[in-house]
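Just below is one structure, and these are the notes that go with it.
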Amino acid sequence: MFTAKDVATLRERTGAGMMDCKKALIETDGDFEKAIDFLREKGLAAAAKKAGRIAAEGVVDAYIHMNGKIGVLLEVNCETDFVAKTDEFKTLAHDISLHIAASKPTYITKEEVPLAELEKEKEILRAQALNEGKPEKIIDRMIEGRILKYYADVCLLEQAFVKDPDITVAQLLTQQVAKIGEKISVRRFVRYEMGEGLQKKEDNFADEIAKMAAGN
């Protein structure tokens with residue numbers, strides 16, 4: 001068995017993601033040293049070490065949904081022009097563009113969410129919990145869990161990847177870093193939806209794109 005503290009310590013030792021560290025400990029029955037070896041073998045520990053490097057090359061990818069109703073522009077960075085020109089890197093960038101079109105993130109990371117917006121969301125969640133008749137003593141814990149779901153709704157890296165919902169976009173990037181051998185980061189994106197903000201007939205383009213992606 002292992003504890004949350006073991007997961008945190010393993011993360012500090014390897015730099016790998018929390019979920020990867022948890023999986024490593026599960027796979028190795030809580031053996032700390034074997035878990036480190038597991039992460040190294042999977043390339044996840046090495047991937048984390050690349051996070052401090054400078055990634056100034058990359059591509060700007062454009063995705064336009066087939067009916068012209070949604071468009072995405074995305075900048076994904078890597079370390080070298082050589083990697084930026086590979087089909088594998090271009091495919092990754094395009095897959096993330098498609099994901100953004102389908103999943104409508106507002107921010108890239110949790111850290112980008114404005115504090116005022118986060119506090120407002122917590123107030124709403126607290127009001128919801130009180131209206132549900134939840135005991136005051138467990139409300140803070142409930143809010144903490146629901147904020148994680150909120151991040152998964154609005155932050156690109158926290159979202160389940162539309163083409164493989166078993167992993168997040170952050171985990172997708174970690175896998176690609178391990179495979180390609182360079183730091184990869186999403187720098188910025190913009191998403192346009194035809195008529196967004198205007199009163200119009202509701203069309204669920206996001207679901208349409210997600211279904212199309214799942215079929216690829």
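Listed here is the closest heavy atom pair of I70 and A101: CG2-CB, 3.8 Å. Residues A160 and P165 share a closest heavy-atom pair of CB-O, 3.7 Å. I180 approaches E88 most closely through the heavy-atom pair CG1-OE1, 4.1 Å. Of all heavy-atom pairs spanning Y63 and H65, the tightest one is OH-ND1, 3.3 Å. Residues V59 and A84 come closest through the heavy atom pair CG1-O, 3.5 Å.
A donor atom on one side chain and an acceptor atom on the other are not found under 3.5 Å apart for E158 and Y150.
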Exercise for the section: Starting from the C-alpha separation in whole Å, work towards a yes-or-no answer on side chain to side chain contact (heavy atoms under 4.5 Å, CB included) for I64 and V72. Expected result: CA-CA 7 Å; I64 305 295; V72 172; over 6 Å; no

Exercise for the section: Applying side chain to side chain contact (heavy atoms under 4.5 Å, CB included), run through T109 and V186 and close with a yes or a no. Expected result: CA-CA 10 Å; T109 67; V186 176; over 6 Å; no

Practice task
Would you sort out whether E75 and R188 count as a salt bridge (Lys or Arg N to Asp or Glu O under 4.0 Å), showing the intermediate values?
Solution key: CA-CA 5 Å; E75 180 180 346; R188 53 186 170 175; 2.7 Å; yes

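V60 places none of its side-chain heavy atoms less than 4.5 Å from the side chain of L74. L125 is not listed as a side-chain neighbour of M142, based on a closest heavy-atom distance of 4.5 Å or more. Using a 4.5 Å heavy-atom threshold, the side chains of D6 and L25 count as touching. Using a 4.5 Å cut-off on side-chain heavy atoms (C-beta onward), T28 and F2 make no contact. Using a 4.5 Å cut-off on side-chain heavy atoms (C-beta onward), R126 and Q128 make no contact. Contact check for I108 versus C155: no side-chain heavy atoms found under the 4.5 Å cut-off.
Remark: L156 CG to K104 NZ distance equals 15.0 Å, nearest 0.5 Å. Expressed to the nearest 0.5 Å, how far CD of E182 lies from CD of E79 amounts to 4.5 Å. Atom CD1 of I96 sits about 7.0 Å away from atom CZ of F161, to the nearest 0.5 Å. In this structure, the separation between CG on D140 and NZ on K122 is 9.0 Å, given to the nearest 0.5 Å. Taken from NE2 in H99 to CZ in F189, the straight-line distance is 9.0 Å, to the nearest 0.5 Å. Distance CD/E57 to OG1/T80: 7.0 Å, rounded to 0.5 Å.
Placement of F89 and L157 within a single hydrophobic cluster is found when ILVMFWY residues are connected by side-chain heavy-atom separations under 4.5 Å, directly or transitively. Hydrophobic clustering (ILVMFWY, side-chain heavy atoms < 4.5 Å, transitive): I147 and Y107 are in one cluster. Using a 4.5 Å cut-off between side-chain heavy atoms of Ile, Leu, Val, Met, Phe, Trp and Tyr, with links allowed through other members, I143 and V113 fall into the same hydrophobic cluster. At a threshold of 4.5 Å between side-chain heavy atoms, the hydrophobic network of Ile, Leu, Val, Met, Phe, Trp and Tyr places I184 and F82 in one connected group. One hydrophobic cluster, built from ILVMFWY side chains closer than 4.5 Å, cannot hold both I36 and M19; they sit in different ones.
Residues E132 and R146 are paired through a salt bridge, judged by an N-O separation under 4.0 Å between the basic side chain and the carboxylate. Using a 4.0 Å cut-off between charged nitrogen and carboxylate oxygen, D61 and K90 do not count as a salt-bridge pair.
Within a 6.0 Å sphere centred on CG of D87, other residues, nucleotides and ligands contribute 12 heavy atoms or fewer. Around the CD atom of E144, the shell of radius 6.0 Å holds no more than 12 heavy atoms that belong to other residues, nucleotides or ligands.
In this structure, the side chain of R191 does not engage the main chain of G71 through any donor-acceptor pair within 3.5 Å. For the pair S103 (side chain) and I100 (backbone), a donor-acceptor distance under 3.5 Å is absent. Remark: side-chain polar atoms of Q171 are paired, donor with acceptor, to backbone N or O of T168 under 3.5 angstrom.
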